[in-house]
Amino acid sequence: MKKQNSGLIINIGSITGAEGDGKGVDYATAKAGLMYGLTKSIAQFGAKYNVRCNCVSPGPVMTRPQMASMATLMGRAGEPQEIVDLCLFLASDKGQFINGENIMIDGGRNAMKREDKR
């Protein structure tokens, strides 16, 4: 990427990186570091080489049945294609000015009140 003077890195985060998880501390901690520290650091380092870095952080996605029971403001889990579509947008000409961002694609779960997430 440095030699080509262009590129895009898309990290995949998770709603769990924003919410935390008292049962799976390792997963939540790793995702939080990826979503905020690593993504921004790579964006800063890569900018001089025209290399962008963003993070896409899904909420519940219908990759397994348990995801359907997770609450979102939209009242449903996401479809895998919705995550793919966001990644394709970031890679397209229309997404070229987005760099160093963590983009939540979670049906509004991160905006919910804590008590409504149960």
Side-chain angles (χ1 to χ4, degrees):
M1 288 182 188
K2 183 177 171 182
K3 287 180 184 177
Q4 294 173 355
N5 196 42
S6 70
L8 170 64
I9 297 168
I10 299 177
N11 294 323
I12 303 296
S14 170
I15 186 66
T16 306
E19 292 180 337
D21 185 350
K23 298 175 190 170
V25 174
D26 55 346
Y27 180 81
T29 302
K31 288 297 185 178
L34 178 86
M35 291 161 61
Y36 304 107
L38 184 65
T39 297
K40 290 187 183 302
S41 296
I42 292 174
Q44 291 170 14
F45 177 81
K48 61 185 163 266
Y49 306 108
N50 200 31
V51 174
R52 298 178 301 121
C53 182
N54 291 296
C55 187
V56 171
S57 295
V61 177
M62 289 305 297
T63 54
R64 55 188 194 276
Q66 305 93 293
M67 295 293 109
S69 64
M70 286 182 71
T72 68
L73 287 177
M74 296 184 72
R76 67 172 179 87
E79 292 296 330
Q81 188 62 48
E82 292 174 301
I83 310 309
V84 171
D85 290 344
L86 176 55
C87 292
L88 290 172
F89 174 81
L90 290 171
S92 77
D93 289 342
K94 293 180 180 180
Q96 294 302 301
F97 200 58
I98 302 171
N99 191 20
E101 291 301 319
N102 175 55
I103 303 168
M104 302 293 292
I105 181 166
D106 65 353
R109 183 174 172 85
N110 196 44
M112 294 174 72
K113 294 184 223 168
R114 173 172 264 143
E115 60 269 18
D116 292 340
K117 292 182 182 182
R118 296 181 187 146

Can you give each donor-acceptor pair under 3.5 Å made by side-chain atoms of residues 13-25, sequence neighbours left out, with the distance rounded to 0.1 Å?
residue: Ser14; atom: OG; partner: Thr16; partner atom: N; Å: 3.1
residue: Ser14; atom: OG; partner: Thr16; partner atom: OG1; Å: 3.4
residue: Glu19; atom: OE2; partner: Arg109; partner atom: NE; Å: 2.8
residue: Glu19; atom: OE2; partner: Lys117; partner atom: NZ; Å: 3.0
residue: Asp21; atom: OD1; partner: Lys23; partner atom: N; Å: 2.9
residue: Asp21; atom: OD1; partner: Gly24; partner atom: N; Å: 3.3

note = Apart from Leu73 itself, members of its ILVMFWY cluster (side-chain separation under 4.5 Å) are Met112
task = Give every residue pair that meets the ring pair (Phe, Tyr, Trp, His ring centres under 6.0 Å) criterion with at least one member in residues 48-70, sequence neighbours excluded.
result = Phe45-Tyr49
query = Does one hydrophobic cluster hold both Leu34 and Val56, with members joined at side-chain heavy-atom distances below 4.5 Å?
reply = no
key: Inter- and intrachain pairs under ring pair (Phe, Tyr, Trp, His ring centres under 6.0 Å), touching residues 92-118, at least two apart   = none
remark   = Distance col, row Asn50:CG vs Leu8:CG, nearest 0.5 angstrom, shows 10.5 Å
ask   = Which residues satisfy the salt bridge (charged side-chain N to carboxylate O under 4.0 Å, His left out) test with Glu101, sequence neighbours excluded?
value = none
note = One should read off an interatomic distance between Thr63 OG1 and Glu79 CD, to the nearest 0.5 angstrom, of 10.0 Å
Minimal non-hydrogen separation, Ile83 against Pro58, with atom names = CD1-CB, 3.9 Å
key: Verify same cluster id: Met62, Met70 (apolar side-chain graph, 4.5 Å)   = yes
ask   = Distance from Lys2 atom NZ to Lys48 atom NZ, nearest 0.5 Å?
value = 8.0 Å
ask   = Can you get from Ile42 to Met1 by hopping between Ile, Leu, Val, Met, Phe, Trp and Tyr side chains that sit under 4.5 Å apart?
value = yes
Between SG on residue Cys87 and CG on residue Asn54, distance to nearest 0.5 Å = 10.0 Å
remark   = For Asn99 and Ala47 the tightest heavy-atom approach is ND2-CB, 4.4 Å
note = Taking every heavy atom of Leu90 against every heavy atom of Ile103, the minimum-distance pair comes out as CD2-CD1, 3.8 Å
task = Could you list the residues that satisfy ring pair (Phe, Tyr, Trp, His ring centres under 6.0 Å) with Phe89, not counting sequence neighbours?
result = none
ask   = In Å, rounded to the nearest 0.5 Å, how long is the span from OG1 of Thr72 to CE of Met67?
value = 12.0 Å
inquiry  = Looking at every non-hydrogen atom in both residues, tell me the closest pair between Arg76 and Glu82 and how far apart they are.
reply    = NH2-OE2, 2.8 Å
key: Where Gln96 and Ala91 come nearest, the two heavy atoms and their spacing   = NE2-O, 3.6 Å
inquiry  = If hydrophobic clusters are built by linking Ile, Leu, Val, Met, Phe, Trp and Tyr wherever their side-chain heavy atoms come under 4.5 Å apart, do Leu38 and Ile12 end up in the same one?
reply    = no
message = If we check side-chain hydrogen bond (donor to acceptor under 3.5 Å, both in side chains) with Ser57, which of these qualifies: Asp106, Asn102, Asn110?
response = Asn102
task = Using modelled atom types only, decide if a donor and an acceptor are shared between the side chain of Thr29 and the backbone of Asp26 within a distance under 3.5 Å.
result = no
